[in-house]
Q: 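One structure coming up, written as structure tokens, with questions to follow.
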Amino acid sequence: MSTTKYIFVTGGVTSSLGKGIISASLAKLLQSRGYSVTIQKLDPYINVDPGTLNPYEHGECYVTEDGAETDLDLGHYERFINLPTTQANNVTTGRIYQTVINKERKGDYLGKTVQVIPHITDEIKRNIKLLGKKFNYDVVITEIGGTVGDIESLPYIESVRQLKWELGPTNSLFIHLTLVPYLAASGELKTKPTQHSVKVLLENGIQPDVLVLRTEHPLNLDLRKKVALFCNVEIEAVIQSIDVSTIYEVPLLMKEEKLDLIVLRKLNLPENEEPKLIEWKQFVDKLKNPKKEINVGLVGKYIELPDSYKSIMESFIHAGSVNQCKVNIKSLHSEIIDDNNVAEMLKNVQGIIVAPGFGNRGIEGKISAVKYARENNLPFLGICLGMQCAVVEFARNVLGYADANSTEMSRTTTNPVIDLMEEQKGVTEKGGTMRLGAYPCDLKTDTKVFGIYKQEHIIERHRHRYEFNNSYLNEFEKAGLKAVGLNPDTNLVEIVEIPEHRWFIGVQFHPEYKSTVVHPHPLFVDFVREMCSCK
Ligand code: GLN
């Protein structure tokens, strides 16, 4: 097929309705019908990428293979369609303006006034079309962040309005996601907010082709008819998205609602074969019918907002399904853990994960938690900063270097067991300058991690500035903490483990970014298996 088809997904009434999950579910269905699909997110904020945002502001920052720091929805896309995304899959207003302003300075628009229309909108359209052009996808689904009516998202809405006409009939489609609230007092579902939200879209020149209505209760035919009538859509194009216990059920529900079929018909694409979702269903079945249950402690400092650790949470869901085990994540605030209360705080968990992070806040609590896990043979997985904490803890309490630290936390420590990477020493700008994205790692074969990965060469994603200080490596190894995975080019320590311990692994990379429904990450799968056997 030569022409790429474009699907634009907007949201109305309120944020957090699950545009990302609907987009990912539709992509999954189209993919299972044999189409090549990708999903893109347009974010309306001025940051060039979310890398400089605090997780409280925006949830987790997701990192792609090519080292882009992106919106967490890209994590959902990858987990659903099991294909890597790239920088081109996430565009922010900041990035758009940066490009346009750089062009203006170079003189690309000499003599012209640079304006939102056409210069900003042209740059937005170029970014939307880029994916289809570059990778020749059959379908590109573009999710527009925010809610229609927001000042910030107007240039995006205007751009896709223009694109519809440029692409020609049946080459693009608009899906609008809204909420149908339930009024308990009168026992009624209300469609008025949907009607208003479609009106806002119409004011901006966009007639949605498909409406996806998020609801707590099933929508009856009359209600669907009413929405169809008031919003100028076909009744078949009024799709119900009912609340479910797991997001992984959504593709199955969208299939029942025939979202894929209506989309293909409107885009004039053949239906091809019925989606084969056998594996997917097995995954959901196992997830919903666990035979065991464990508690894992997640030690972090952003626990008030569960989205801060989205990919870790989802990785545990994948690993839980494989093990047919319900994994309860017990969030533990690292700021309130200390050596005195740690035993009490960890008394009901079968293992702990110490989360990634930046800066000093909560660091001593993380170190106390590591110490407890190490001394009590409690399964431990440390990710990025979590691994660095494990190294610091070992240096202080086993090697006897009381002031050991990471130079991120103490510049004056006499034992910088974690230190700034050489390549970072001249870096002054904060945006996009970490060691980011996929790097290779070679595993030593007589190790636990090799038994888990069952391969010698792995590639994992990164997001850090500090690393294990190799001048201490011999001392660590002699005392029982081994470097078992190294970057083959630089010898950067990527994985440490304590062979004496039942399950103690720290990784400098982020395994959570690579766990998908089809390929649950082996480290999480084995960690959950071990915790199940503890019980
Ligand atoms: N702050 C640490 C570093 O920059 C760890 C980063 C992380 O956990 N992602 O190396």
Side-chain angles (χ1 to χ4, degrees), residues 49-65 67-70 72 75 298-303 307-313 315 334-335 352-367 369-370 380-393 395 404-411 413 416-439 441 460-470 472 483 485 487 490 492-496 505-515 521 523:
D49 60 46
T52 54
L53 290 174
N54 183 316
Y56 290 130
E57 294 276 322
H58 195 254
E60 165 189 278
C61 173
Y62 185 76
V63 178
T64 57
E65 288 287 292
E69 296 177 286
T70 72
L72 57 78
L298 168 65
V299 183
K301 66 174 172 183
Y302 303 114
I303 57 164
D307 271 0
S308 304
Y309 302 114
K310 194 75 197 164
S311 293
I312 290 177
M313 309 266 187
S315 300
S334 54
E335 268 185 302
I352 60 163
I353 183 161
V354 176
F358 295 84
N360 214 6
R361 184 167 68 91
I363 207 79
E364 294 303 321
K366 287 185 172 178
I367 292 171
V370 178
F380 164 83
L381 175 60
I383 297 182
C384 207
L385 182 63
M387 173 257 198
Q388 298 175 355
C389 287
V391 171
V392 170
E393 189 280 319
N405 218 329
S406 160
T407 49
E408 182 182 3
M409 314 307 158
S410 159
R411 287 187 188 203
T413 173
V417 289
I418 301 289
D419 201 4
L420 193 62
M421 281 180 278
E422 203 48 47
E423 68 200 50
Q424 287 286 327
K425 291 194 174 148
V427 173
T428 49
E429 292 199 357
K430 294 290 181 213
T433 54
M434 280 188 250
R435 179 174 181 252
L436 290 166
Y439 286 91
C441 167
E460 293 280 6
R461 299 187 198 169
H462 299 76
R463 184 172 188 246
H464 65 121
R465 296 187 200 277
Y466 293 81
E467 65 174 336
F468 185 98
N469 182 344
N470 275 334
Y472 289 89
N487 177 292
T490 63
L492 181 144
V493 174
E494 292 279 6
I495 312 178
V496 296
I505 296 175
V507 290
Q508 183 57 73
F509 51 79
H510 293 259
E512 72 275 21
Y513 294 144
K514 281 183 78 164
S515 188
H521 196 286
L523 274 178

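Read the numbers this way: they start at 1 and go in the same order the structure lists the ligands and their atoms.
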Q: Donor-acceptor check, side chain of R463 to backbone of C384, threshold 3.5 angstrom: yes or no?
A: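 Absent.
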Q: Test T433 against R465 for side-chain hydrogen bond (donor to acceptor under 3.5 Å, both in side chains), laying out the working first.
A: CA-CA 9 Å; T433 54; R465 296 187 200 277; 3.0 Å; yes
Q: Just one of H464, H510, H462 clears the ring-ring contact (aromatic ring centres under 6.0 Å, His included) bar with Y439, so which one?
A: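 So, applying the ring-ring contact (aromatic ring centres under 6.0 Å, His included) to Y439 and each of H464, H510, H462, only H462 qualifies.
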Q: Mind checking what residues have non-hydrogen atoms under 4.0 angstrom from ligand 1?
A: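 Answer by chain and number: P356, G357, F358, C384, L385, Q388, E408, R463, H464, R465, Y466, H510.
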Q: Do any N or O atoms from the side chain of Y62 and from the backbone of Y513 form a donor-acceptor pair under 3.5 angstrom?
A: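 Between the backbone of Y513 and the side chain of Y62 there is a qualifying donor-acceptor contact (under 3.5 Å).
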Q: Nearest 0.5 Å please: distance from the CD atom of E467 over to the CG atom of D419.
A: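 Result: 7.5 Å between the selected atoms.
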Q: Using 4.0 Å as the upper bound for N to carboxylate O, is an ion pair formed by E494 and R435?
A: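 Yes, charged N to carboxylate O under 4.0 Å.
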